[in-house]
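Structure first, commentary second.
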Amino acid sequence: MRRPTVLACAFVLVGALALTPAAWPEPAANKRVLVVYATGRLLPAIVAFDKGFRGLLGERPNGDVEIYDEFLDAARFSGPEYDRAVADHLRQKYSSLPPDVVVVVAREALRFAVRQQHLLPAGTPVVHAVVGTDDLAELGPMPPGFVGVPTVDEFKRTIEQALRWHPQARRLVVVLGVGTGRDRAWRAKVMAEKVAFEPRLTVDVLEGLTTEEATARLAVLGPDTIVFSPGYELDTVGHFDAPFARIRTMASRTQVPFYVPLTTPLGTGVVGGYAADFEVQGHEAARVVTQLLDGVAPPALEMPALVPAPMHVDWRQLRRFRIDERSLPPGAVVHFREPSIWEDHRNAIISAVTLVLLQAGLIAGLLVERRRRHEAETAAAHSRAELAHASRLAVAGELAAALAHEINQPLGAILSNADTAEMILDSDVDRRDLLRTIVADIRRDDVRASEVIRRLRTLLQKHDVERAPFSLDEAAIDVELVLRPEARRRGVSLTVQPSGTQAMLLGDRIQVQQVLINLVLNAMDAVADVPEPRRVVSVAVHQTPDQCTVRVIDRGHGIAPEDRSKVFESFFTTKRSGMGLGLSIARTIVDAHGGSIHAEAGAVHGSEFIVTLPTRASDAPRMAVPA
Amino acid sequence: MNTPTPMVLVVEDDEPLRTALLRLLEVAGYDVRGYASTGDFLLERPDDRHGCVLIDVQLPGPSGLDLQAALQRLAIDLPVIVMTGRPDVASSVRALKAGAVDFLTKPIEREQLLAAVRSALDRDAARRLAAEEARTLLARFGLLSDVERRVFDGIVAGRLNKQIADDLSIAERTVKLHRSRLMVKLEVESAAELGRLAERLQRVHAT
């Protein structure tokens, strides 16, 4: 006890500093509690009791209690001589430090105290603990100053509960001892209570055996048997041991349910039973001691009638014998419950689940977003295709005159040739060679006309946007074929300079051609009013390994610098007729192909439109397979 | 006119169509010649022969209508038939105003084509005949002396011999002599015939 010393030093120090030495009270003397145990020390029951007892007394303010422990070891040593010797020893031992309260733990300690009470200083209260109501009845009325909260040995309730859980049981095996006083008291109680069960099942009593023999007998018990034992201290060969140790040995090999009216064997393989927990008993005793130390007179103490003795069970044994946890009696205490993963890691699980849910939500959100975007992109691509088609229709309308002329020419030739042939046939002159030439020419002109129609159809066709590899050179040459009649009609010289390489683009050939057509038509519009030598439009394709460029060059009026960025906007036009959509559609298409389009001023006159598109040489083979 | 076979010239840039047209006209019995452009035609400047020209309106470079105008300017009097693949009012009016004989829309039916060619050749023949007559007339007129021309003018103006004699300060008898001489030179036999001839001369001079 260092604290009083420290406090005293503190007092002196404070007093010296304050120069008021007389103002401090004397520290109160410590209370002494003597605890006398019937057993030896370090038994699980004692450790549990001590924990409950000291736990509560230690909470007292000032820490003013000193606890002294004594052990009678009554199972091994007993008899009036021994009692007297111990009593003398204790009287002498504690004569200089007389206890304020004496606590006696278990039946033999109470019996000792009752017999030796005359040796105690007058008025010293005695608190008994771990004493059954049966023990109290046997010891007779308590002397004055003897108080305590008794327990009940719930043998019968334990067996009844066992039978509720094992209704199929046909045999009850009870293991008892007869060596010590305590053994005999418990035996008598069991023998008296077992009678109540005998109509229901066979009750076999194992006694007078060594623990090894009893264990061997228990190990071979068949089904529909249950075992009950309060344990015992002394076996037939004169070996002492604590009851819980006996039960531990026996339970370790027993294959049938094993019930005990004690808490200490829990965990050794027993199912459990009704019992007062030793820690709770220590706690109850400490509550009584506290009141006594605080000056409460024994008759005025507030005490419960009994220490609660709920059902204690080993959760693992419930599982082992398939006992439904929901059938536990109210207030039952379940030991060794393996916390479920949920109980063990509740926060981690909640965090993880929350995280997963958030993540799932996020993923779902992203998927929805992606789907929406995909739909929007599809819709955009669709409307782009619609717009592009509408624009192609407009272009086709613009080119219709030129294309009609282009078809009309071969039709005219065919008609004239046919007329000529008819005239030859009517004239009786043999001109077979000429007829043959005529037929060949008719065939050629027919092919020529249908070729024009094919190209026109490409423009008019409404098609889904494709992504397929195609040659920009070929596309440009096709564009030239479509636009040449129009160029001729307008008196514009149109030249197309292919790159001469094999590089492929990935995308929609018709839409890319449409871009070129729009640009060339614009260029032809641009040169409409300039002198004839300048009515020149040229298209040049250049290809580098990773991109290709088409330049559409005219020598017309050019674009005003302030308009150069606006020309790609929708509905921007400087022409008298025209919607101002051609370049806007061109840019939309080029963007969709991952390319770019811009306008520059021409070298001397006019302007240059430059379309850059990425080549997908590496993708081409992959794309070529589905195509 | 039983003289040489009429010549039909075709100016059409589209080679297959040109060939087909030339072939048809050739089988129909005409001498033919084809040109791809206005320039080709003008460079060759065909000899003055009985015939007509078939011109396509849509030609590369100067158009068919330009060629028509050039022919007029150069006083090449070949009758012109205009062809077009795309009839529009403006160019057809322009072509006809400029004296085109016909305006054909491609594809051209044989009967239509041959009828147009025939009518163009007829017109060419008529023109050639009129030009021949005018040439004869002018040649005869050229035989008249100054006095005879003045007497001729007086007769055509409807003046009497006496009045003409007064105008020219010569004797009425001398007027009568000049009158009979110029009628012989102009190969007319009556005053009425002389009047008609004067009208024709006036027309020739007017052109």
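Naming convention: chains lettered A, B, ... in sequence-line order (proteins, then strands); numbering from 1 in each chain.
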Could you walk me through whether A/His405 and B/Gln58 pass the side-chain contact (heavy atoms from CB on, under 4.5 Å) check?
-> CA-CA 10 Å; A/His405 177 77; B/Gln58 286 96 22; 3.7 Å; yes
Above 12 or not: heavy atoms from other molecules or residues under 6.0 Å from CZ of B/Arg149?
-> yes
Portion of B/Glu12 that has a non-hydrogen atom of chain A nearer than 4.5 angstrom = side chain
Could you tell me whether A/Arg454 atom CZ has more than 12 heavy atoms of other residues or ligands within 6.0 Å of it?
-> yes
Does a salt bridge link A/Arg448 with B/Asp14, judged by any charged N lying under 4.0 Å from a carboxylate O?
-> yes
Would you say A/Arg489 has more than 12 foreign heavy atoms packed within less than 6.0 Å of its CZ?
-> yes
Which of B/Val27, B/Leu59, B/Leu113 touches chain A most, by non-hydrogen pairs under 4.5 Å | B/Val27
Does anything in residues 433-440 of chain A get under 4.5 Å of chain B by heavy atoms, and if so which residues?
-> A/Leu434, A/Thr437, A/Ile438
Tabulate, in ascending numerical order, the residues of residues 412-426 of chain A having at least one heavy atom closer than 4.5 Å to a heavy atom of chain B, or enter 'none'.
-> A/Gly412, A/Ala413, A/Leu415, A/Ser416, A/Asn417, A/Asp419, A/Thr420, A/Glu422, A/Met423, A/Ile424
What is the distance from atom CG of B/Leu17 to atom CG of A/Leu411, rounded to the nearest 0.5 Å?
-> 10.0 Å
Look at atom CD of A/Glu480 and say whether more than 12 heavy atoms of other residues, nucleotides or ligands are closer to it than 6.0 Å.
-> yes
Which atom of B/Lys106 lies closest to which atom of A/Asn408, heavy atoms considered = O-ND2, 3.0 Å
Using a cut-off of under 4.5 Å on heavy-atom pairs, state which of A/Arg444, A/Arg488, A/Glu532 scores highest against chain B.
-> A/Arg444
